[in-house]
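Below, read A as the first sequence line, B as the second, and so on, with proteins coming before strands; counting in each chain starts at 1.
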Protein chains: 2
Amino acid sequence: MLSTEQIIEVMAGQGLRITDQRKTLAKLFGENSDFLSAKEVYEYMGKKYSGLSFDTVYRNLRVMEELDVLEQIVFEDGVKFKVNCSEGHHHHHMICLQCQKTYPITFCPMNLTDTPEQFQVVKHKFEVFGYCQDCQQVTEDDGLVMPTLMNGE
Amino acid sequence: MLSTEQIIEVMAGQGLRITDQRKTLAKLFGENSDFLSAKEVYEYMGKKYSGLSFDTVYRNLRVMEELDVLEQIVFEDGVKFKVNCSEGHHHHHMICLQCQKTYPITFCPMNLTDTPEQFQVVKHKFEVFGYCQDCQQVTEDDGLVMPTLMNGE
DNA sequence: TTGATTGCAAAGTTTTTGCACGTCG
DNA sequence: CGACGTGCAAAAACTTTGCAATCAA
């Protein structure tokens with residue numbers, strides 16, 4: 001995973017100017033491997049920069065995504081960003097429906113999936129949703145949570 | 001895959017009123033297994049209902065998704081809907097990025113996925129994207145292909 | 001210095017909500 | 001009839017764009 005310094009290095013290497021705001025962004029993503037929405041990033045940055053504008057956050061997130069510094073995934077509840085897992089190490093994620101934290105799954109089903117050769121595979125998504133250890137108490141209150149795997153009907 | 005009649009049946013069985021518009025929606029999805037965006041649905045419906053409003057389409061799509069009549073997938077370019085394959089047996093899909101048609105994958109990676117017991121799994125998604133046989137040539141020459149909407153009828 | 005970066009304002013998209021009228025059952 | 005569905009308008013949420021002032025290199 002890219003470190004804060006590596007992120008800055010990549011950006012500077014591509015001719016981008018390293019503003020204070022971009023340093024903070026690099027730090028945020030360099031020290032945090034969760035997926036963050038644009039809004040969450042904005043709120044975090046807003047603590048430090050009083051006059052921060054939403055469009056600058058968007059612009060920087062897009063730039064960083066174009067430089068492959070950030071990885072962007074479309075979840076059900078919107079687009080989120082995370083520092084790119086460099087070294088081409090492919091994996092998937094478990095995502096907590098409560099706190100949105102992600103946990104890696106090293107297993108990739110694609111190797112085992114039997115795709116007809118008529119179908120030219122481009123990409124795939126494998127995402128497991130549920131509740132992480134910290135968030136499981138919270139869901140008990142609701143009462144109507146399925147405790148185990150949803151494995152078929 | 002649910003037929004037009006089955007869709008109507010489910011909706012009526014849940015106490016929903018079967019309006020003319022909902023009949024048409026049931027027909028659209030019952031006879032079409034491609035993924036359609038809300039906009040595409042709106043445009044299709046608009047041919048028949050001159051004063052149609054966008055919000056009604058959204059409301060009905062949401063209702064149908066909540067009844068599990070429709071399946072909703074978030075693509076990079078937005079949310080799309082398709083009739084649900086709730087024929088009792090759990091499976092996943094390959095989805096053509098060009099024509100949006102879907103092909104079943106019987107294999108479910110969830111059985112093989114090693115989830116730590118600290119993580120309480122609620123649901124999962126496994127989707128393979130690519131190009132189906134019919135669309136592989138088309139991708140070279142800047143295909144002017146649209147998802148096949150039924151011609152007004 | 002100078003061109004990239006930012007904040008601001010405004011507009012473009014997509015989706016949701018409140019309300020009054022219309023209609024299914 | 002009465003409750004649900006619809007159209008209309010407006011708002012909300014999210015994202016992008018143009019422009020002038022600012023700032024990194």
Side-chain angles (χ1 to χ4, degrees), chain A residues 5 7-29 35-67 69-70 72-81 100, chain B residues 5 7-29 35-67 69-70 72-81 147:
Chain A
E5 293 71 27
I7 293 174
I8 291 175
E9 212 169 286
V10 172
M11 295 179 78
Q14 293 293 323
L16 293 189
R17 294 189 176 167
I18 306 307
T19 61
D20 200 60
Q21 220 176 111
R22 284 179 176 165
K23 271 185 208 148
T24 307
L25 271 174
K27 192 155 177 289
L28 172 60
F29 283 105
F35 279 95
L36 301 173
S37 66
K39 196 173 161 191
E40 284 164 342
V41 174
Y42 174 70
E43 276 159 9
Y44 173 85
M45 299 287 288
K47 290 183 202 158
K48 191 164 177 182
Y49 306 93
S50 59
L52 183 68
S53 61
F54 226 135
D55 49 271
T56 303
V57 171
Y58 273 106
R59 273 188 286 236
N60 280 326
L61 287 175
R62 205 186 336 156
V63 165
M64 291 169 84
E65 198 258 330
E66 278 161 7
L67 293 185
V69 162
L70 296 187
Q72 171 183 331
I73 292 194
V74 184
F75 291 97
E76 311 247 328
D77 62 335
V79 178
K80 301 199 175 169
F81 299 85
Q100 312 283 330
Chain B
E5 293 72 27
I7 294 174
I8 292 176
E9 211 170 288
V10 172
M11 295 179 79
Q14 292 293 321
L16 293 189
R17 292 188 179 167
I18 307 307
T19 62
D20 199 60
Q21 218 176 113
R22 284 180 176 164
K23 272 187 207 145
T24 307
L25 271 174
K27 190 155 179 293
L28 172 60
F29 283 105
F35 279 95
L36 301 173
S37 67
K39 197 173 162 190
E40 284 163 343
V41 173
Y42 174 68
E43 276 159 10
Y44 171 84
M45 298 287 288
K47 290 182 201 158
K48 191 163 175 182
Y49 305 93
S50 59
L52 184 70
S53 62
F54 225 137
D55 49 272
T56 303
V57 171
Y58 272 106
R59 273 188 286 235
N60 280 326
L61 288 174
R62 204 186 338 154
V63 165
M64 291 169 83
E65 198 258 331
E66 278 161 6
L67 293 185
V69 161
L70 296 185
Q72 168 183 331
I73 291 192
V74 185
F75 290 90
E76 310 255 322
D77 62 335
V79 178
K80 301 197 177 169
F81 299 85

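- In this structure, of D:dT16, D:dT6, C:dT14, it is C:dT14 that holds the atom nearest to the side chain of B:K39.
- Side-chain atoms of A:Y49 and A:T56 form no donor-acceptor pair, as typed in the model, at a separation below 3.5 Å.
- If B:G51 and A:Y58 are placed on DNA chain D by their nearest nucleotide, the residue sitting closer to the 5' end is B:G51.
- Per the geometry, CG belonging to A:N60 stands 15 Å off P belonging to C:dA4, to the nearest Å.
- The separation between B:L61 atom CG and D:dT6 atom P is 11 Å, rounded to whole Å.
- Which of D:dA9, C:dG3, C:dT6 sits closest to the side chain of B:D55 comes down to D:dA9.
- Look at CE on B:M11: it is 15 Å from P on D:dC4, rounded to the nearest Å.
- In this structure, the CZ atom of B:F81 is 10 Å from the C1' atom of C:dT15, given to the nearest Å.
- Side-chain N or O atoms of B:R22 include none that pairs as donor or acceptor with a backbone N or O of B:I8 at under 3.5 Å.
- Minimum atom distance to the side chain of A:F54 is reached by D:dT15, of the listed C:dG18, C:dT15, D:dT15.
- Of the candidates D:dT6, C:dT15, C:dC8, C:dT15 carries the atom nearest the B:V79 side chain, counting heavy atoms from C-beta on.
- Residue B:Q21 places at least one side-chain N or O under 4.0 Å from the OP1 or OP2 atom of D:dG7.
- Following rounding to the nearest Å, B:D77 (CG) and D:dT15 (C1') show an atom-to-atom distance of 15 Å.
- Residue B:F54 comes nearest to B:K39 through the heavy atom pair CZ-CA, 4.0 Å, listed as atom of the first residue, atom of the second, then distance.
- Across the protein-nucleic acid pair, A:I8 atom CD1 and D:dA24 atom P stand 14 Å apart, rounded to whole Å.
- What separates CG of B:D20 from C1' of D:dG7 is a distance of 16 Å, to the nearest Å.
- Closest to the side chain of B:R59, out of C:dG18, C:dT15, D:dG5, is C:dG18.
- Distance from the side chain of A:A38 is smallest for D:dT15 among the nucleotides D:dG7, C:dT6, D:dT15.
- For A:R17 and D:dA24, the CZ to C1' distance is 5 Å, given to the nearest whole Å.
- Side-chain atoms of A:I18 lie closest to D:dA25 of the nucleotides D:dT6, D:dA25, D:dC4.
- Regarding contacts with the backbone of D:dG5, a side-chain N or O of B:R22 is found under 4.0 angstrom from either OP1 or OP2.
- Across D:dC14, D:dA24, C:dT14, the shortest atom-to-atom separation from the side chain of A:T19 is found for D:dA24.
- When the nearest nucleotides of DNA chain C are assigned to B:R62 and A:S53 by heavy-atom distance, the more 5′-ward of the two goes with A:S53.
- Contact check, B:T56 against D:dT6: no side-chain N or O comes under 4.0 Å of OP1 or OP2.
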